[in-house]
Amino acid sequence: MKIMEIEGGRDLKGTIRISGAKNATVALIPAAILTDEEVTICNIPEITDTEALCDILKDLNVNVKRASESIIINPKEMKNIEITEEHSRRLRASYYFMGALLGKYKKAIMYFPGGCSIGARPIDLHLKGFEALGAKVRSEGNKYIVEAEDLTGANIYLDIASVGATINIMLAAVKAKGKTVIDNAAKEPEIVNIATFLNNMGAKITGAGTSTIQIIGVDYLGSCFHEVIPDRIEAGTYIIVGALCGNPLKIDNLIPEHLDALLSKLEEAGVPLEVGADYVLVQKQDDYKPVNIKTAVYPGFPTDLQQPFTVLQTQSSGKSKTTETIWENRFMHVPYLNALGADITVKNQTATIIGPRKLVGQDVVATDLRAGAAMVAAGLKAEGKTTITNIEHILRGYEQIIEKLTDVGAKITIKEI
Ligand code: UD1
């Protein structure tokens, strides 16, 4: 078992460079099979979610080569076989193979996806979208067989602006006959990145990044070269770490516009920030104002930064509130922050945080990916030693977290016990 140990209470100084976005990468890799030619995607983060998707590609007889930060995918010899339950369950984003295989072969067989236990995480909107395009969906226990004689463009209204459903329907519709319109589409930057990739391959997608996406089906997709956008959630996590421990900390290679909601909340709290064209410089303060946040779909405050942000709220003077509106089970970090000395109560979907509270190192658990990021942020701030277990969640989403934090002065290690 791997554990993470942090000797906290140290100032962090220097530059952290942001990697490619996990949530874009996990859709780009499955999307790459829509062609029969070689595609190169650069700025791919080395995280375990990337490895898990490459293992699925290998099972499908797709040629995959890694070259430093790039991945070269060649699906010329690909075989459309069932994706095993073990592989489907390794990560949530395995479900993008459903849309991609359906789009390419009009047939996909795989199992209900895994991922963090932050809520029920149904896939009904994905399946309804596939059905609207003409597919039939059968399930045998956890196994899904999605099949179509023909895929034909359709008007699809999403009841919830789901990131996953928006991308999956784009993947299935890109080679369908005629025009597909997705209304109430999610607007996250990762969706724009996937649409750009598909368009570079020859797709005809317009409107990505708005709530109406139009896709005109094409017969053929070819090779391309593509770059993953910077990870706005990794960037946001380290900016929050900077507000806690930065003296000063520069977070480099990011797109500040993707972080507007976080940056404006940090400013409201009184965090000194210098925002450049592709960086944020952050200096910790002793005293912060309490701020309330409510998670929302993009461009609202990202649910994925809610948990790390709680750590900052523990250092604010007074009462802060956080309301979670996307996931029903996203306060699992709270008992562990309280064990470190925080004063947080959760009622319904709102956490009330009373601060400031001194945090002192403890044994804690990373219950999910972003809860794990909150534990790292708290451990860096806390006096003494914090030991985090279940760190495989953290390694799913943060590339070289130990190296990046060590380089700016943190005492953080991973041990095998
Ligand atoms: C993606 C992100 C995740 C982020 C989330 C919200 C990836 C790999 N993960 O997850 O980090 O927290 O967006 O920004 O990109 N829903 C349904 N039915 C569906 C699909 C979703 O009811 O078929 C609900 C979900 O239960 C949830 C809400 O819609 O309450 C949003 O989910 P969605 O946007 O689909 O999240 P993911 O794509 O799974």
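Values in this document were obtained by computation on a predicted structure and should not be read as measured data.
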(request) Check whether more than 12 heavy atoms from other residues, nucleotides or ligands sit under 6.0 Å from atom CD of Glu403, and answer yes or no. (result) yes
(message) Looking at Asp219, I'd like to know if its CG atom is crowded, meaning that more than 12 non-hydrogen atoms belonging to other residues, nucleotides or ligands lie closer than 6.0 Å.
(response) no
(message) side chain to side chain contact (heavy atoms under 4.5 Å, CB included) for His87 and Met110? Distances and angles first, verdict last.
(response) CA-CA 9 Å; His87 280 167; Met110 62 172 291; over 6 Å; no
Less than 4.5 Å apart, any side-chain heavy atom of [X] and any of [Y]?
X      : Y      : value
Leu380 : Arg10  : no
Asn80  : Lys107 : yes
Pro189 : Ile255 : no
His126 : Met98  : no
Leu244 : Gln315 : yes
Ile215 : Met170 : yes
Leu369 : Tyr398 : yes
Leu266 : Leu273 : yes

(request) Just do the side chain to side chain contact (heavy atoms under 4.5 Å, CB included) check on Val163 and Glu190 with the steps written out, would you? (result) CA-CA 9 Å; Val163 174; Glu190 292 75 19; 5.7 Å; no
Distance, nearest 0.5 Å, that separates [atom1] of [X] from [atom2] of [Y]:
X      : Y      : atom1 : atom2 : result
Ile229 : Phe197 : CD1   : CZ    : 13.5 Å
Lys265 : Ile240 : NZ    : CD1   : 13.0 Å
Arg370 : Thr237 : CZ    : OG1   : 6.0 Å
Gln307 : His333 : CD    : NE2   : 5.0 Å
Met375 : Ile6   : CE    : CD1   : 10.0 Å
Ile239 : Ile18  : CD1   : CD1   : 7.5 Å

Tell me yes or no: between the side chains of [X] and [Y], is some donor less than 3.5 Å from an acceptor?
X      : Y      : answer
Glu324 : Thr303 : yes
Lys381 : Thr314 : no
Tyr111 : Glu86  : no

Taking only Lys NZ, Arg NE, NH1 and NH2, and the carboxylate oxygens of Asp or Glu, determine whether [X] and [Y] approach each other closer than 4.0 Å.
X      : Y      : value
Arg17  : Asp278 : no
Lys128 : Glu131 : no
Glu147 : Lys136 : no
Lys104 : Asp36  : yes
Lys22  : Glu234 : no

Nearest heavy atoms of [X] and [Y], plus distance in Å:
X      : Y      : answer
Met78  : Leu101 : CE-CD2, 3.5 Å
Pro30  : Val26  : CD-O, 3.0 Å
Ala195 : Ala208 : CB-CB, 3.5 Å
Ala172 : Leu133 : CB-CD1, 3.7 Å
Pro230 : Leu254 : CB-CA, 4.0 Å
Ala100 : Leu171 : N-CB, 3.9 Å

Check: [Y] main-chain N/O paired with [X] side-chain donor or acceptor under 3.5 Å:
X      : Y      : value
Glu46  : Glu51  : no
Asn390 : Thr367 : no
Thr387 : Glu5   : no
Asn338 : Ile344 : yes
Ser88  : Phe112 : no
Asn63  : Lys76  : no
Gln214 : Ile205 : no
Asp231 : Ser19  : no
Thr323 : Lys294 : no
Lys177 : Gly217 : no

(request) Go through Glu399 and Thr50 one step at a time and tell me if the side chain to side chain contact (heavy atoms under 4.5 Å, CB included) criterion holds. (result) CA-CA 10 Å; Glu399 182 180 49; Thr50 307; over 6 Å; no
(message) Under the side chain to side chain donor-acceptor pair (under 3.5 Å) test against Thr322, which residue among Gln313, Gln349, Gln306 passes?
(response)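 For Thr322, the side chain to side chain donor-acceptor pair (under 3.5 Å) check succeeds only for Gln313.
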(message) My understanding is that only one of Asn199, Val39, Asn43, Thr196 makes a side chain to side chain contact (heavy atoms under 4.5 Å, CB included) with His226; could you say which?
(response) Thr196
(request) Quick one: sort the Tyr298 and His258 rings into parallel, tilted or perpendicular, breaks at 30° and 60°. (result) perpendicular
(request) Would you please classify the geometry between the Phe301 ring and the Phe309 ring as parallel, tilted or perpendicular, with 30° and 60° separating the classes? (result)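 If you compare the ring of Phe309 with that of Phe301, the planes turn out perpendicular.
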(request) Kindly determine whether Ile353 and Leu337 satisfy side chain to side chain contact (heavy atoms under 4.5 Å, CB included), including the steps that lead there. (result) CA-CA 11 Å; Ile353 305 108; Leu337 289 182; over 6 Å; no
